[in-house]
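Keep in mind it's a predicted model, so treat the numbers as computed, not measured. The basis for the numbers below is simple: all heavy atoms, side chains too, and nothing from hydrogens, waters or symmetry mates.
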Amino acid sequence: MNEDAVLIRDLKAHDGREVSIRGWLHGRRTSGKIAFLLVRDGTGTVQCVVEAANGDAFRVASEIGHESSIGVRGTVRLDERAHGGAELSVTGLEVVQNVADYPIARKEHGVDFLMTHRHLWLRSPRQCAILRIRDTLIRSIQAFFAERGFVRIDTPILSPGAAEGASTLFPVDYFGEKVFLAQTGQLYLEAAAMALGRVYCFGPTFRAEKSKTRRHLTEFWMVEPEVAWAGLPDLMDLAEGLICRLVADVLAGHRADLALLDRDPAPLERIVAPFPRITYTEAVEQLRSPETHERLQAGLEADRQRLAADQARLADLEAQLAAAKKGWQQEKLGREIAALREAVRELGQDLENRPAHIEGARTFAWGNDLGGDEETILTRLHDRPILVSRYPRGVKAFYMKPDPADPRVVLNVDVLAPEGYGEIVGGSQREDSLEALQERMRAEGMDPAPYEWYLDLRRHGTVPHGGFGLGLERTVAWVCGLRHIRETIPFPRLMGRIYP
RNA sequence: UCCGGUGUAGCGCAGUGGUAGCGCAGGUGACUGUUAAUCACUUGGUCGUAGGUUCGAAUCCUACCACCGGAGCCA
């Protein structure tokens, strides 16, 4: 194939010239005397027109299947009728490999099938859009911290013990010793923060929790800044600034990708500082307040009506299906019906549970951790991420610093994303007093021996400091408006799924 | 771990006790501007597995397996 191949996204600059492209066959339509090949190369998709007069190429064009790897030579022609604005009038066609049995069609597939074919599913436009946005988020994170003088620290993945309870970690045999895959870089990061001031780590992290939900992976990426001389308000500002930056960068560079994902950008455009900041205690008051109760009841009533409307629409679609003649119309309707059925079932289930949630909120007791239901209720009251701070000590980790103004709570902050995406950030100011930390570890029944190095940080120039972790995949899911986290990472690791 | 749901052609689904079906994909043919092209014909099945009930089971019962969703936990 020609060395001077042009990328499809650059084709418009070559109007009227003969060029070569390389790529994969993404779609094909043939007529008696003309064939249309849709070719993608990772930078774009272009329609290539092959006329019957072009004997060899036309014959080849009529034979190759989806995802065949091909080289195409042709003349670029700007054309209103073409999708990307440019077309290629084919003069030569070279088949690197003809594929007859590509398993993924340009249509709906089931989750299990797609997950088993994840290595091929990645080629679909939707998955490519998600991966591009993920890449932008990663770059944006690195730029944000670099601009603020943070030094990136790579913390170890093999870890001698657990930071917060060994039951949720993956054990690994390390020359006969039992060690674990890291679930956070935080403790090591604290050491680095005492060396460099502002640091962050960004890498994979592992949780062996047996969670089978749309929000959980067993292997996911987390960015964790850790800042010396920082108090809780500094951390909240940092998290808020980071999230605004991430959303702004995606909006600036990925309008087309968001459109391809059917992601309404309007909710993202509202993501500007300042975010609402409430304490846990205020959150509990909000949950229990009569105003919230009324709002939730009104929401329940509205959703009940929505359910009735959906059910009516479902019946209407089923009538249309019975009347539909064309096969693909039937299929399209069938798919719409299936989606609507699932939505109706989900909403129905939700509505069944809702009165219990509402009652749970009204009677929520101070001291309990906020669960998914409570988070959902709180985020529904706002259209921006909310920062919830100062949780009860009992539900948080040993290294979090108690609030001097109210020792029942710690100086932590969780950021809850809107639109039901839940917790994307968790962090805290750390306990910087040696005695207080030792006392807390005693109270939790922890053996201090493996943590001596960590305690050393409080013996040799301790300072107020803190940090947080932001989950990359949950952020991708929120920004892209995805229902499930499994599409946010190239090869998701889920409980009970490790292939491919 | 607990609760709920689903397993029928390569894929998406219908079929609730009486001959295994539809659409898409694949194949053959027609068609010079298609955008999920259209039209005609056509290949393709151990109905998740094992047992049971029945004259007869995709359909009913039991167990198991796989997958999905939710809870707990969390990012």
Side-chain angles (χ1 to χ4, degrees), chain A residues 27-38 45 47 49-53 58 65-66 79-84 87 89 100-117 164-165 167-168 183-184 205-224 318 321 324-335 337-339 341-342 345-346 349-350 352-353 356 369-373 375 395-397 414-417 421-427 468-478 483-486 488 494-497:
Chain A
R28 180 170 61 101
R29 287 175 291 277
T30 58
S31 206
K33 298 288 188 327
I34 190 166
F36 302 97
L37 304 180
L38 219 48
T45 304
Q47 176 161 284
V49 185
V50 190
E51 298 191 356
F58 184 77
H66 279 186
D79 195 320
E80 298 267 318
R81 292 173 297 186
H83 246 317
E87 276 192 344
S89 293
D101 53 357
Y102 188 68
I104 300 182
R106 292 171 71 188
K107 54 173 275 196
E108 201 69 15
H109 290 279
V111 168
D112 183 44
F113 180 81
L114 288 172
M115 289 297 288
T116 306
H117 294 83
E164 310 171 43
S167 61
T168 61
Q183 64 166 350
T184 170
T205 180
F206 307 87
R207 305 276 165 95
E209 286 146 7
K210 296 191 173 177
S211 309
K212 294 174 76 169
T213 81
R214 66 182 73 172
R215 295 183 306 282
H216 288 87
L217 294 163
T218 55
E219 177 183 310
F220 63 97
W221 285 62
M222 183 160 68
V223 58
E224 298 178 86
E318 274 164 351
L321 178 64
K325 294 201 177 67
K326 301 263 173 73
W328 66 269
Q329 280 176 338
Q330 285 177 359
E331 204 201 348
K332 186 179 170 187
L333 281 169
R335 197 164 332 118
I337 287 170
R341 262 190 206 143
E342 202 194 327
R345 213 184 56 185
E346 238 173 63
Q349 220 170 27
D350 182 22
E352 255 175 51
N353 298 331
D369 201 1
L370 298 177
D373 301 335
E375 286 182 359
V395 300
K396 289 294 175 182
D414 282 359
V415 179
L416 309 180
Y421 284 92
E423 187 181 344
I424 54 172
V425 164
F468 61 81
L470 175 135
L472 177 64
E473 285 76 16
R474 282 191 183 174
T475 305
V476 174
W478 166 48
R483 275 187 80 248
H484 202 295
I485 201 167
R486 64 184 156 228
T488 62
L494 298 154
M495 181 190 164
R497 191 179 282 279

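Contacts of A:F113 classified as ring-ring contact (aromatic ring centres under 6.0 Å, His included), with partners at least two apart in sequence or in another chain: A:H109, A:H117. With sequence neighbours excluded, the residues satisfying side chain to side chain donor-acceptor pair (under 3.5 Å) with A:T213 are A:H216.
Contact between A:K33 and A:F58 at its shortest, heavy atoms only, is C-CE1, 3.7 Å.
In this entry the distance linking CG of A:L38 with P of B:rU34 reads 15 Å, nearest Å. Atom-to-atom, NZ of A:K212 to P of B:rC3 comes out at 13 Å; the value is rounded to the nearest Å. With rounding to whole Å, A:R28 atom CZ is found 12 Å from B:rG27 atom C1'. Between the C1' atom of B:rU35 and the CD atom of A:E87 lies a distance of 11 Å, rounded to the nearest Å. Distance A:K210 NZ to B:rC3 P: 15 Å, rounded to the nearest Å.
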Using a cut-off of under 3.5 Å, enumerate the N/O to N/O pairs linking the protein to nucleotides 9-11 of chain B.
{"from": "B:rC11", "atom 1": "O2'", "to": "A:H109", "atom 2": "ND1", "distance (Å)": "2.5"}
{"from": "B:rC11", "atom 1": "O2", "to": "A:K107", "atom 2": "NZ", "distance (Å)": "2.7"}

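Here A:E224 contributes atom CD and A:T184 contributes atom OG1; the two are 3.5 Å apart, rounded to the nearest 0.5 Å.
The backbone N or O of A:L38 lies less than 3.5 Å from no partner atom in the side chain of A:R28, so there is not a single donor-acceptor pair.
Contact annotation: A:R215 does not reach the phosphate of B:rC74 (side-chain N/O to OP1 or OP2, under 4.0 Å). Residue A:R474 has no polar side-chain atom (N or O) positioned under 4.0 Å from OP1 or OP2 of B:rA75.
Checked by distance alone, A:S211 brings a side-chain donor or acceptor within 3.5 Å of a matching partner on the base of B:rG72.
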